[in-house]
Protein chains: 2
Amino acid sequence: MKPSDAIVRVTRGAITESIHRVHLAVVDTRGALLHRAGDPQFLTFARSTAKLIQALPVIESGAADHFGLTEAEIALCCASHNGEADHVSAAHSILGKLGYHSMHLQCGAHEPYHAQTAQAMRDRGEAPSTLHNNCSGKHSGMLALSAHLGASPEHYMSPEHPVQQLMLDAVSAMSGVPKEQMELGIDGCGVPVFGMTIDRLALAFARLGQPDELSSERANACQRIVNAVRKYPEYLAGNDRFDTQLIHVTQGRIIGKMGAEGIFALSVPDQALGFVLKVEDGNLRALYPAVIEALKQLALLTEDEVHQLAAFHTPTVHNWQGTEVGRILPDFSL
Amino acid sequence: MKPSDAIVRVTRGAITESIHRVHLAVVDTRGALLHRAGDPQFLTFARSTAKLIQALPVIESGAADHFGLTEAEIALCCASHNGEADHVSAAHSILGKLGYHSMHLQCGAHEPYHAQTAQAMRDRGEAPSTLHNNCSGKHSGMLALSAHLGASPEHYMSPEHPVQQLMLDAVSAMSGVPKEQMELGIDGCGVPVFGMTIDRLALAFARLGQPDELSSERANACQRIVNAVRKYPEYLAGNDRFDTQLIHVTQGRIIGKMGAEGIFALSVPDQALGFVLKVEDGNLRALYPAVIEALKQLALLTEDEVHQLAAFHTPTVHNWQGTEVGRILPDFSL
């Protein structure tokens, strides 16, 4: 372990049983690196953190206004939501405004992330639909953009479809990664995902929160997205979820989003900062402890806010009987 | 990344999205280090790999013979089983021989690991019992030992109980770690787990497979455990599980066992070798790819055997729609 390595320990009894390594980049709106841990140029995929950036063309195109999307529905377009009743209703509502229904969503179906909602559905013998997929808001936004462009909804997931091209344009412009250098993969929900170094993704989030140097059209779209997520953080994730709690606890001073494979991107608009943290091995259990610890050390969270987020900061490890057998403990100095 | 680092890549599209680091120790029956990767003295918990060693006092005490445990039942005592019908029956059978029932098991209940079995139970509205817990065989063996010692079954999970003391004695003697230096924690199922460096755990597995230098009583118990697991590998894990397949494919030439938090211990009796591999971050998805790759490079598996285990060696990563979006690829040279 090098001194510059940033880790999260998983303890059991008196010793560390497993170790997660993390990489961090904090940048300003010009992309200058202000703080780091591990490798701030770690190459990976933005995964669902990109959803806030992908929502830009949904607004800039006029689609959101044309179809009358509410702020809560715009927040849902940025979400990896819990599949709770309000999330399902909002996705259903967006589709209704387009004249579409759940079968037009090509994201696939999975059980709601929210354990009680999933259990209640099982108890009722109810199968999950595409609306319960955590990405149903993003896909509904893609369909809104597609419909507004007069494009066919059949192939909206294809990288060549105008929807995906506009989203690639937005992610490229915001991150400063030229389109031809952007690594593309396929996400869990079937659409393209964007591969870049974490400092470039942090730049996109710095600009999202402080867009004054962007065109007025883009700056307006950035502000509408930030405002929507600030006002409706429960639509960004849901009950018991860190992304929602972080906005609640900071009263919107910090706007952040998780992505699969242990990545978190956030914006601190007042300080014109973007921040991306990646767990090298992709494990979500180390993500929120490391994010909170880094925010604490950078004085971006107050002691009281850290205290309110304690269950995410140093979670306990339990056995099948519910006994505490260990903890997850961030261990690094920025 | 240092040249000596051993990693497993998780790819998506053309790039690596996440990285797992692994540590390996291969030792002979004197504990001499023959092969390594990463840190062969990485300190962690043996978790369920210790079950084969913990079964020793169940045999040595005479408990297994007194109660007439079958070879399949001895294999189940070493298992992290799938909770399939045969596993539940065998655990039930052991308890019946003691005059006990499922309520005497204090391991807690969880859904069977075997997905189809778990789904079928849900469809029937059937709640999992302690018999379905992957550790029910180990706990049944502990109860057999307790009953044979004339001890009360109430506190068999306590570190001070004679059952746990005899198991600590066995793990200490086999690994060469003095009892006072053994780190103890609490396992997922409530009983003590044994913390040691991976090279010491590898020594215990070298001796398990090649016990000629041990007392005749212990050597006999080692051979009975190896024979039971060789003959009934499906009781060690179950359908679709690597531990079972490894024994099948090698026709018992290699006997290995996984443990939680990404650890694998195996014995190659013919070569008097013990082998332990730990995924630093504890993620099971990297474990079998790394174990197979290491065994291949050490010529402990043939090309044909590696081919038969291909689905465990370089598994594909799928999205919700079932499309292949990436792979898990071991990447190291021993």
Side-chain angles (χ1 to χ4, degrees), chain A residues 1-2 7-8 10-21 39 42-45 47 106-110 122-123 125 130 133-135 157 183-193 195-196 260-263 278-283 285-286 317-326, chain B residues 1-2 7-8 10-21 39 42-45 47 106-110 122-123 125 130 133-135 157 183-193 195-196 260-263 278-283 285-286 317-326:
Chain A
M1 214 75 62
K2 296 191 295 287
I7 65 170
V8 176
V10 181
T11 71
R12 181 174 297 267
I15 67 171
T16 296
E17 181 168 26
S18 298
I19 296 170
H20 301 279
R21 305 189 192 216
D39 179 5
F42 190 84
L43 177 65
T44 191
F45 283 103
R47 303 299 298 270
Q106 296 180 25
C107 48
H110 63 72
R122 270 188 236 129
D123 292 346
T130 53
N133 186 305
N134 77 90
C135 299
M157 300 207 306
E183 297 283 351
L184 294 181
I186 303 171
D187 208 344
C189 63
V191 295
V193 280
M196 66 188 88
E261 291 290 327
I263 191 163
K278 162 75 180 173
V279 180
E280 183 179 272
D281 58 75
N283 199 321
R285 70 178 175 180
V317 178
H318 295 93
N319 67 6
W320 295 114
Q321 294 98 339
T323 307
E324 178 179 330
V325 295
Chain B
M1 215 75 65
K2 297 191 296 286
I7 65 171
V8 176
V10 181
T11 71
R12 181 175 298 266
I15 66 170
T16 296
E17 181 168 25
S18 298
I19 296 170
H20 301 280
R21 304 187 192 219
D39 178 6
F42 190 83
L43 177 66
T44 191
F45 283 103
R47 303 298 299 269
Q106 296 179 25
C107 48
H110 64 72
R122 270 187 237 130
D123 292 346
T130 53
N133 186 304
N134 77 90
C135 299
M157 299 206 307
E183 297 284 351
L184 293 181
I186 304 171
D187 208 344
C189 63
V191 295
V193 279
M196 66 188 88
E261 292 290 327
I263 191 163
K278 162 76 181 172
V279 180
E280 184 179 270
D281 59 76
N283 199 321
R285 72 178 174 180
V317 178
H318 295 92
N319 67 5
W320 294 115
Q321 293 98 338
T323 307
E324 178 180 330
V325 294

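Not measured: the values here are computed from a predicted model. The sequence lines fix the lettering, A, B, ..., with proteins before strands; numbering per chain opens at 1.
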Which portion of [X] sits near chain A, non-hydrogen atoms under 4.5 angstrom:
{"X": "B/Val193", "result": "side chain"}
{"X": "B/Cys135", "result": "neither"}
{"X": "B/Glu183", "result": "side chain"}

Are the side chains of [Y] and [X] in contact, using a 4.5 Å heavy-atom criterion?
{"X": "A/Phe42", "Y": "B/Ile19", "answer": "yes"}
{"X": "B/His20", "Y": "B/Ile7", "answer": "no"}
{"X": "A/His110", "Y": "A/Asn134", "answer": "yes"}

Legend entry - Residue part contacting chain B, namely of A/Val8, when any heavy atom lies under 4.5 Å: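 Neither part.
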
Legend entry - Per-residue contact mode, A/Asn133 against chain B (heavy atom under 4.5 angstrom):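 The side chain, not the backbone.
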
Pick from [options]: which one has the most heavy-atom pairs with chain B under 4.5 Å?
{"options": "A/Gly190, A/Gly322, A/Gly326, A/Gly195", "answer": "A/Gly190"}
{"options": "A/Ala14, A/Gly185, A/Cys189", "answer": "A/Cys189"}
{"options": "A/Ile263, A/Thr16, A/Ile15", "answer": "A/Ile15"}
{"options": "A/Ala286, A/Ala109, A/Gly188", "answer": "A/Gly188"}

Inset, instruction - Just jot down the side chain to side chain donor-acceptor pair (under 3.5 Å) partners of B/Asn283, sequence neighbours excluded, or say none. - result: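 For B/Asn283 there are no side chain to side chain donor-acceptor pair (under 3.5 Å) partners, ignoring immediate neighbours.
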
Do you know which of [options] has the most heavy-atom pairs under 4.5 Å to chain A?
{"options": "B/Asp39, B/Asp123, B/Ile186", "result": "B/Ile186"}
{"options": "B/Gln106, B/Arg47, B/Glu324", "result": "B/Arg47"}
{"options": "B/Thr11, B/Asp187, B/Asp281", "result": "B/Asp281"}

Inset, instruction - Drop me the distance from A/Leu184's CG to B/Arg12's CZ, to the nearest 0.5 angstrom. - result: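 Atom-to-atom, A/Leu184:CG and B/Arg12:CZ are 12.5 Å apart.
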
Inset, instruction - Could you tell me whether a side-chain N or O of A/Lys278 sits under 3.5 Å from a main-chain N or O of A/Leu43, the two making a donor and an acceptor? - result: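 No; zero donor-acceptor contacts below 3.5 Å.
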
Inset, instruction - For the pair B/Asn319 (side chain) and B/Thr323 (backbone), establish whether a donor and an acceptor sit closer than 3.5 Å, ignoring hydrogens and angles. - result: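 Such a contact is found between B/Asn319 side chain and B/Thr323 backbone.
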
Legend entry - With B/Glu261 via salt bridge (Lys or Arg N to Asp or Glu O under 4.0 Å) - residues at least two apart: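 For B/Glu261, the residues satisfying salt bridge (Lys or Arg N to Asp or Glu O under 4.0 Å) (neighbours in sequence not counted) are A/Arg285.
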
